[in-house]
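Down below is the structure, laid out as structure tokens.
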Amino acid sequence: MPTSAPRRDVRELTHEGLVFGCDYNSEQWPRETWHEDVVLMREAGITLVAVNIFGWATLNPAEGVWDFSLLDEILDLLHANQIAVNLGTATASTPAWLTTAYPEVLPVAADGTRRFPGGRQAWCPSSPVYRERSKELVTRIADRYGSHPAVALWHVSNELGCHNALCYCDVSATAFREWLKERYVTIDALNTAWGTTFWSQRYGEWDEILPPRATISTTNPGQELDFHRFSSDALLDQYRAEAEVIRTRSEAPVTTNFMVAAHIRNLDYWSWASDMDVVANDHYLDHRLADPVVEMGFSSDLSRGLAGGKPWLLMETAVGAVNWQPLNVARVPGELQRQMVAHIAHGADGVCFFQWRASTQGSEKFHSALVPHAGTDTRAWREVVALGSTMKDLAELQGTVVKAEVALLFGWDSWWAADADNHPSSEVRYLEQVHATYAALRASGVTVDVVSPDADLSPYRLIVVPALYSVTDATAAAVADAVAMGATAFVTFFSGIVDENDRVRLGGYPGAFRGLLGVLVEEFSPVPADVTLALTSGGKARLWTEYVRAEGAEVIDRFEDGPVAGSPVVTRNQVGSGAAWYAASALEPETLAALMSRVVEDSGVIPMPAAGPEVEVVRRVGVDASYLFVINHSLKDVSVDVSGMELVQRREVDGDLTVPAGTARVVREETA
Ligand code: GAL
């Protein structure tokens with residue numbers, strides 16, 4: 001699997017079984033409630049509780065004033081109840097005294113205006129004042145609790161970069177210049193990389209360079225791209241600074257919660273993953289998307305990719321509705337269990353929730369929680385208790401892994417660069433294209449590893465490259481080598497267009513993959529979003545057309561109408577025993593799914609039995625046993641030919657497992 005791998009094992013967090021946990025914002029509740037809460041936590045089977053995530057102002061209410069008494073008590077209480085602690089460093093949200101005394105800590109937007117405190121994460125990632133104060137806080141916490149027996153995991157900050165990833169202040173400008181000096185060494189190299197001869201943008205001195213602040217026209221795309229890279233690194237530095245303090249004072253593993261989500265794109269987690277002792281991800285269903293459950297699968301598979309194929313931890317999700325979408329949809333009965341088992345199927349070794357008890361105040365008071373406002377005589381609570389018991393039933397899955405023969409290449413560099421302004425169509429969004437391709441793979445019933453463009457591709461029989469706009473020579477060579485060795489590649493439009501400096505590859509599109517695909521694209525001709533393009537095969541496409549010339553590739557399908565009627569839209573190039581397919585438009589879901597099934601067949605990858613658009617079938621493999629997951633998201637029962645012990649219902653199945661509509665089952669397979 002990928003380049004980077006976490007250093008430790010989720011297995012260390014709780015001794016046996018899968019993690020079942022939650023965030024506990026104990027500061028919001030009186031002591032009597034804590035005592036009621038630990039009893040309920042035990043009833044639900046909670047094994048890991050994250051505390052002190054937003055505790056800075058409680059621990060350090062004024063400059064120089066420290067009070068750990070409440071945190072002491074809560075740690076001891078949890079420990080006395082055999083509940084392990086995921087201890088927050090509390091650095092995510094600064095106390096009011098800090099930003100009042102040191103307003104320079106506050107972040108600045110691209111238009112030069114400073115953001116006020118009063119929300120959360122109101123700090124500049126490059127601020128030396130913030131760095132010093134946050135390290136002081138972490139040092140005190142780690143000194144005090146470094147060997148506390150309750151502490152099983154350290155939770156650095158919270159969702160680093162969720163709100164403050166891009167800061168444009170003068171301090172950030174200086175830090176950006178230092179970062180650029182390290183990357184380019186000479187100003188000439190920077191000028192070349194950014195193409196600053198364009199519009200007379202040449203720099204003579206480092207001090208002339210600014211973050212890409214709001215300008216009256218468009219900014220330099222190379223500068224924007226490097227600012228994204230710098231900003232991701234600046235937050236990674238903050239993580240490293242906190243982790244270093246902890247590691248000298250505690251043996252427990254250290255992590256932070258990633259946000260592999262559709263609406264957050266500022267951190268290149270490929271460069272973060274190897275700093276995590278275990279990879280942890282937060283995932284919330286996003287009902288603004290066409291298919292939130294497909295995105296959930298993608299997020300899980302990417303989390304597994306970030307974990308280098310090892311188990312990872314779902315650090316946060318919601319029991320029901322969130323509070324931050326325009327319409328906050330609750331989960332219907334049964335959905336919670338099915339979706340949590342789906343996360344386990346994709347390689348999670350535990351699921352945790354935001355949050356334990358629904359708040360009565362603050363902007364998240366209408367966010368669902370394990371204990372809802374209505375209390376425990378509720379359907380929601382009963383489902384939580386049932387889920388806790390399922391997690392126990394699935395304990396033996398701990399440490400087992402998912403194996404895939406299909407890789408989907410995904411990169412933040414491409415996301416940042418492809419979605420920049422002034423491109424052929426602002427309707428073509430990188431992540432939407434990735435999700436559409438992932439949905440087609442899922443519909444064709446295969447298990448997918450989402451991997452870095454730098455990953456070792458040799459284990460894969462099918463390599464899928466959706467809209468990978470920015471590609472290094474090394475990635476292009478790795479895909480070509482894999483095909484030369486007999487693999488199949490499937491590449492979609494607007495891939496391979498530029499190098500890592502966003503410089504167009506000349507000689508015809510799709511630059512980096514032109515030779516491999518045996519095609520040459522002369523010109524793009526995108527179409528409005530409401531136009532449907534007909535294909536000769538009867539299929540349909542949208543958004544994009546281009547003048548494709550087959551140069552060795554076989555033409556599989558053509559545009560029937562639209563600006564390039566008659567031009568190839570799907571091609572296949574035989575390369576030795578391998579093949580390279582190309583799709584030159586955004587194929588409609590059914591058309592893409594049908595094509596993907598054909599590509600999968602061509603690759604020799606065998607789809608999982610009974611799997612389809614709404615039925616996930618995934619296998620986790622351990623040393624002594626293998627486990628078949630069937631996640632039935634559909635409204636119809638499905639039957640699967642499998643024998644063994646079904647763990648959710650604890651009964652033997654002999655060759656015919658019925659998985660009722662909306663449920664999930666896991667079978668420890670009999671080996672012949
Ligand atoms: C996460 C965050 C939590 C909480 C949650 C609400 O992004 O880490 O603190 O805000 O969202 O969905």
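In listed order, ligands and their atoms are each counted from 1. These numbers come from a predicted model, not from an experiment.
Proximity of Met315 to ligand 1, defined as any heavy-atom pair under 4.0 Å, is not found for any part of the residue. With a 4.0 Å heavy-atom cut-off, ligand 1 is reached by no atom of Ile53.
Under 3.5 Å, the side chains of Asp37 and Tyr24 contain a donor-acceptor pair of N or O atoms. For the residue pair Ser93/Gln121, the side-chain donor-acceptor check at 3.5 Å is not satisfied.
The protein atom (non-hydrogen) at minimum distance from atom 9 (O) of ligand 1 is Arg120 NH1, 3.0 Å. Considering only non-hydrogen protein atoms, atom 7 (O) of ligand 1 sits nearest to Glu159 OE1, 2.3 Å. The nearest heavy-atom contact from the protein to atom 6 (C) of ligand 1 is His367 NE2, 3.1 Å. Shortest contact from atom 5 (C) of ligand 1 to any protein heavy atom: Tyr284 OH, 3.4 Å. Among protein heavy atoms, atom 4 (C) of ligand 1 sits closest to Glu364 OE2, 3.2 Å.
Checking side-chain atoms of Asn257 against main-chain N and O of Glu159 turns up a donor-acceptor pair under 3.5 Å. Using modelled atom types, no side-chain atom of Asn632 and backbone atom of Ala664 make a donor-acceptor pair closer than 3.5 Å. A donor-acceptor distance shorter than 3.5 angstrom exists from the side chain of Gln325 to the backbone of Leu285, with no hydrogens or angles considered. A donor-acceptor pair under 3.5 Å links the side-chain atoms of Ser303 to the main chain of Ser299, judged by distance alone.
Considering each of Gln325, Gln121, Glu316, the one bringing a non-hydrogen atom nearest atom 2 (C) of ligand 1 is Glu316.
The cationic atom of Arg357 (NZ for Lys, CZ for Arg) lies less than 6.0 Å from the six-membered ring centre of Trp29 and within 45° of the ring axis.
Atoms of ligand 1 lying under 4.0 Å from any heavy atom of Trp324, numbered from 1 in the order shown and given with element: 6 (C), 12 (O). Atoms of ligand 1 lying under 4.0 Å from any heavy atom of Asn158, numbered from 1 in the order shown and given with element: 2 (C), 8 (O), 9 (O). Near Phe54, the atoms of ligand 1 lying under 4.0 angstrom from a non-hydrogen atom of the residue are 9 (O).
Taking the centre of each ring, Phe410 and Phe298 come in below the 6.0 Å mark.
The closest approach between Gln355 and ligand 1 stays at or above 4.0 Å for every heavy atom of the residue.
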